[in-house]
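For reference, the structure is listed below as structure tokens.
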Number of protein chains: 2
Amino acid sequence: MKIDPDSNAALSAQIAKAIRDAIISGALIVDERLPSEAELAEHFDVSRPTIREALKRLAAQSLIRTQRGAFGGAFVRHLSYEDAREQLVTTSTLLLSMNDISFDTACEARFALERACAPMTAARREPAQLAIMRREIKRQSEADLTDEAFCASDVAFHRALVDGAQNPVLSYQLSGSIEAMQPLMNMITFTARSRAEIVEIHTSILDAIVARDSERATEILEQLERVTKRLAHSVMDAKAVAIAKKEKPEVAQVSAE
Amino acid sequence: MKIDPDSNAALSAQIAKAIRDAIISGALIVDERLPSEAELAEHFDVSRPTIREALKRLAAQSLIRTQRGAFGGAFVRHLSYEDAREQLVTTSTLLLSMNDISFDTACEARFALERACAPMTAARREPAQLAIMRREIKRQSEADLTDEAFCASDVAFHRALVDGAQNPVLSYQLSGSIEAMQPLMNMITFTARSRAEIVEIHTSILDAIVARDSERATEILEQLERVTKRLAHSVMDAKAVAIAKKEKPEVAQVSAE
DNA sequence: AGACTTTTAAATGTCTGACAAATGAAAATC
DNA sequence: GATTTTCATTTGTCAGACATTTAAAAGTCT
């Protein structure tokens, strides 16, 4: 592991990369203890704060965990699905919010992925996921639900649909896509009529899966994609009109203290 | 932004979280400059090294970039597709290598996702991606190709298939899945016969897309999934026999460099 | 006045040295 | 033998300092 002090990259970044590569290549295995900060500092011929900055970078990526005390130190971390999912959601959310992706593009991607799951979910038809889907449909029918709670339930329903495929890799990949869209979905105000429409579609999806009719499930998902896009457009059009009436359109702002 | 010094979590982690939340919530917008390290240190009532560790955590997640010099500092970073893709590949690769996921599970997920793209790729039929697919098929037919080069070409072919859907969100999500599988695919030794079979399948996929026949494309992708699994199994069985002959079977290892 | 050079201030990158806090092992004590 | 205490090790944090980079501002020359 050679570090070039003349490189433009910060030393801590170079060291982080060296260790990261060692982990990815398998030279450092899970739960293995890294040398102490002092030893690493000597090895790379830098000071301890520099080593610490490098380790913090790795910790931010969930590659290592640190433990204080004698026999403590930095350990290669076992990356769980939950950790990976969390990172994926963060990254996806930022990607969507920073790259002015159209609602249609995000929506299209999401439903394409869900349609990929549907046949597997139908084939396996896990009772646990079917129960969740039933529960969420029931919840979505409650009249006094806030828009936000309706959205959350919608996410739960679709996650169950994806988890029903019983493939953890697929669940990991797709939950990011679905959750990252939640902020976009939250912009939509669901009228009583559109809620009823969505509940009906969800019910049809569940029925199709119970019946192991994957083609029908796929078709209905296509329908849901169209409905979702239509709803979003009507909301956005209304907003555009409202803005045009008041003043020059500004960049959408999210207020925060 | 309140920091609790009595919390178990390290101060630098708490501060990183506070700033991260501000970025995700939109309180800090792209290219906005954060206060200097000295100012942040005063604001959070901690020392500069602690602030620096927090900033390094954010830098590792591509949330900020730093610039030296007067009027330098930490800036909220515009997260590009390429940055996001890189992070996704790293995370996915580690996830696959650390959670002893069966080849079949990873394979199933990958092809389910690709099948989701195929109809869109067929509908849009972009010349650029079709050209890449043709080029890679040609390359895969070359007899003197190493197994690794064959795999790389395979990845390029499938990436073109995904990119052909002309949906950047989808490309982002799927390229991670495909690239993360490459180490697993590299375990396979492709015989001349299996290569011919794959080239034929790739050709059929391309034909189906050119013909805008999405159903046929989907069917052939299903076939490719079966073939890939069969190939992998034959390799793994051979290895298992070899190990059984020599000694007690160990946990399956992927040899590196 | 305009173009070029030099200065300078502000910011990050790094180092040294130190102390606090946690933690498990070993030693001491009952 | 069981419990308590001590202790060494390691991370977490702090303070202060210097080096390096960078762009704006001031100065200088044509």
NA contact type, B/Arg33, heavy-atom cut-off 4.0 Å: base, sugar-phosphate, or nothing? sugar-phosphate
Watson-Crick and G-U pairing of DNA chain C, under 3.5 Å, as dot-bracket with | and [ ]: ||||||||||||||||||||||||||||||
Expected rows: protein N/O vs nucleotides 12-14 of chain D N/O, under 3.5 Å:
from	atom 1	to	atom 2	distance (Å)
D/dG12	OP1	A/Thr66	OG1	3.0
D/dG12	OP2	A/Arg52	NH1	3.0
D/dG12	OP2	A/Arg52	NH2	3.4
D/dG12	OP2	A/Lys56	NZ	2.9
D/dG12	O4'	A/Arg68	NH1	2.8
D/dG12	O6	A/Arg48	NH2	2.9
D/dT13	OP1	B/Leu11	N	2.5
D/dT13	O4	A/Arg48	NH2	3.2
D/dC14	OP2	B/Ser47	N	2.9
D/dC14	OP2	B/Ser47	OG	3.1
D/dC14	OP2	B/Thr50	OG1	2.6

Between C1' of D/dT10 and CG of A/Leu34, the distance in whole Å: 13 Å
Separation between CD1 (B/Ile23) and CD1 (B/Ile29), nearest 0.5 Å, reads 11.5 Å
To the nearest 0.5 Å, how far apart are CZ in B/Arg57 and CG in A/Leu55? 10.0 Å
Taking the basic N atoms (NZ, or NE/NH1/NH2) and the acidic carboxylate oxygens, is any pair closer than 4.0 Å for B/Arg20 and A/Glu86? no
Roughly how far, to the nearest 0.5 Å, is OG1 of A/Thr50 from CG of A/Leu40? 12.0 Å
Could you pick out which residue, B/Gly72 or A/Phe71, lies toward the 5' side of DNA chain C when each is mapped onto its nearest nucleotide? B/Gly72
May I ask you to check whether A/Asp104 and A/His233 show a side-chain donor-acceptor distance below 3.5 Å? yes
Spacing of B/Gln173 atom CD and A/Gln173 atom CD [to the nearest 0.5 Å]: 6.5 Å
Return the set of residues passing side-chain contact (heavy atoms from CB on, under 4.5 Å) with A/Ala149 (not counting sequence neighbours), or none when no residue passes. A/Arg139, A/Leu145, A/Thr146
CG of A/Leu58 versus C1' of D/dT11: gap in Å, rounded? 15 Å
Could A/Arg85 and A/Glu82 be called an ion pair, given the rule that one side-chain N must be under 4.0 Å from one carboxylate O? yes
Over how many whole Å does the gap from B/Glu42 atom CD to C/dA11 atom P extend? 13 Å
